[in-house]
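Below you'll find the structure, written out as structure tokens, and then a few comments.
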Protein chains: 2
Amino acid sequence: MSASLPPLIHVVDDDESLRTALLRLLGAAGFEARGYATTGNFLLWPPPDRPGCVLLDVRMPGPSGLDLQAALQRQNNPLPVVFLTGYADVAASVRAMKAGAVDFLTKPVEREALFEAIQRALAHDAAQRMARAEAERLRAAFATLTPREREVFNRIVLGQINKQIADALGIAERTVKIQRAQLMTKLGAGSAAELGRLAERLRHLPD
Amino acid sequence: MSASLPPLIHVVDDDESLRTALLRLLGAAGFEARGYATTGNFLLWPPPDRPGCVLLDVRMPGPSGLDLQAALQRQNNPLPVVFLTGYADVAASVRAMKAGAVDFLTKPVEREALFEAIQRALAHDAAQRMARAEAERLRAAFATLTPREREVFNRIVLGQINKQIADALGIAERTVKIQRAQLMTKLGAGSAAELGRLAERLRHLPD
DNA sequence: AGCTCCATTGCCCTTTCGTCCAATAGTTTC
DNA sequence: GAAACTATTGGACGAAAGGGCAATGGAGCT
């Protein structure tokens with residue numbers, strides 16, 4: 001396993017002085033950070049696939065922070081979002097939190113609250129990345145199975161024995177054994193118990 | 001499976017006229033509902049174990065709605081919470097949402113928004129109940145295993161075969177076979193694959 | 001046409017599993 | 001003290017799993 005890259009923090013705010021202040025603050029704390037004056041700028045420079053999070057203003061000229069949050073969610077690798085806003089707007093805060101924001105802070109932001117939120121966002125991102133990577137490995141392994149092997153796999157994890165599978169599929173038991181051996185190799189499973197565990201993990205992945 | 005009881009909605013608000021209005025509105029919509037003037041009243045009459053949700057005012061004399069939410073979370077069977085508040089308070093709304101509230105509505109509440117939130121809360125509750133019941137069944141089944149059976153179980157799901165388990169535990173293979181058969185009966189599993197699935201599900205339960 | 005991948009089958013052999021028989025002994029419980 | 005539960009072992013038998021060897025046939029790609 002290679003150590004993952006250091007996190008990159010994206011600051012999206014149309015208030016330039018605040019933005020540069022934030023970037024300075026983050027830099028002083030040892031974070032790498034980039035600033036964007038509009039949601040459009042952020043989407044134009046698609047961030048590299050690195051751990052990180054987004055500090056997002058709600059009200060900006062053009063598409064709002066909530067719009068950008070929605071756009072991020074539609075991606076497959078959404079970065080966690082922490083909102084920063086100058087206007088007390090309960091409806092916006094509730095909407096943002098329901099959409100999965102890590103936090104919703106009001107300006108002026110207290111240093112401590114900001115860094116606490118960033119820590120949680122980065123932790124969230126790290127966990128998400130691990131889960132996504134794991135899911136990807138699983139999916140990739142299953143993608144190498146042929147239709148027949150998939151069929152046999154499903155019946156094995158249901159507890160059927162080779163003879164039952166052979167009868168159900170109208171083929172010889174010998175054939176089932178071969179496909180069973182092949183799918184176990186492909187999935188890297190050494191036993192029926194491991195097949196069951198893989199099946200259960202697969203079931204809990206969003207299709 | 002018995003059909004579960006109809007949901008019961010708890011309205012906690014110190015404003016009596018609003019409370020009775022809400023109760024009337026909910027009753028007219030076909031819901032069973034109860035009112036409480038204070039958080040203390042709610043905690044004094046512990047709600048029966050029924051599907052439902054809580055409509056909760058934030059500011060009340062005595063413990064606040066947020067306090068009650070925290071108390072509910074500490075229970076093992078928390079009811080989903082929908083907040084209703086007369087004061088626009090971003091900090092409170094964010095705190096409530098971070099603590100898992102289903103929604104945070106501001107008075108005057110629109111009928112539609114209220115019912116939409118209630119529907120989501122009840123759906124959330126139903127899903128939670130199913131998951132909790134499932135988890136309980138699993139736990140109960142595992143609780144009947146003896147220490148030795150648990151040990152054998154763990155090794156089976158790791159893919160070890162009887163002989164390996166016997167060697168590792170310093171006992172005869174014959175003994176392992178018996179404990180294996182016993183634990184499979186107790187867990188209602190018919191195959192090693194099912195044992196693997198049970199193990200994976202167990203792993204994903206909060207210990 | 002040649003090659004690779006997938007699906008298929010039969011025979012045979014070894015290992016492992018699932019159970020049947022019967023038996024001993026420590027602990028906890030009533 | 002007896003009953004119940006748990007842990008333990010031995011021998012033995014049939015069923016199931018895993019794999020080696022050899023072979024056929026269709027689909028798709030170069």
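Just so it is clear: chains get the letters A, B, ... in the order the sequence lines come, proteins before strands, and each one is counted from 1.
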Completion exercise
Quick tally for nucleotides 6-13 of chain C: nucleotides whose base has a protein heavy atom under 4.0 Å get B, sugar-phosphate-only ones S, the rest -, giving SSSBBB--

Handout entry: Nucleic acid footprint by protein, nucleotides 23-30 of chain C - heavy-atom cut-off 4.0 Å, B for base, S for sugar-phosphate alone
Key = --------

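At distances below 3.5 Å, not a single donor-acceptor pair connects side-chain atoms of A/Arg155 with backbone N or O atoms of A/Ala166. Proximity of a side-chain donor or acceptor of B/Arg34 to a complementary backbone N or O of B/Val11 within less than 3.5 Å is not detected. Checking side-chain atoms of B/Thr20 against main-chain N and O of B/Glu16 turns up a donor-acceptor pair under 3.5 Å.
Every residue meeting the ring pair (Phe, Tyr, Trp, His ring centres under 6.0 Å) condition with B/Phe142, not counting sequence neighbours, appears here in chain and number order: B/Phe153. A/Phe104 pairs by the ring pair (Phe, Tyr, Trp, His ring centres under 6.0 Å) definition with A/Phe83, not counting sequence neighbours. With sequence neighbours excluded, the residues forming a salt bridge (charged side-chain N to carboxylate O under 4.0 Å, His left out) with A/Lys98 are B/Asp103, listed by chain and number.
For C/dT16, neither phosphate oxygen OP1 nor OP2 lies less than 4.0 angstrom from any side-chain nitrogen or oxygen of B/Asn162. Put simply, B/Lys163 has a side-chain N or O that comes within less than 4.0 Å of OP1 or OP2 on C/dT16.
Mapping A/Ala181 and A/Ile161 onto DNA chain D by nearest heavy atom places A/Ile161 closer to the 5' end of the strand.
Ring orientation note: the planes of B/His204 and A/His204 are nearly perpendicular, at an angle over 60° on the 30°/60° scale.
Under a cut-off of 6.0 angstrom, the local environment of CZ in A/Arg150 is crowded, with over 12 non-hydrogen atoms contributed by other residues, nucleotides or ligands.
Minimum interatomic distance between A/Gln69 and A/Ala96 (heavy atoms only, all atoms of both residues): NE2-O, 3.2 Å. Heavy-atom minimum distance, A/Arg132 versus A/Asp125: NH2-OD1, 4.2 Å.
Contacts between chain B and DNA chain D, taken as any atom within less than 4.0 angstrom of a protein heavy atom, begin and end at D/dT6 to D/dG11.
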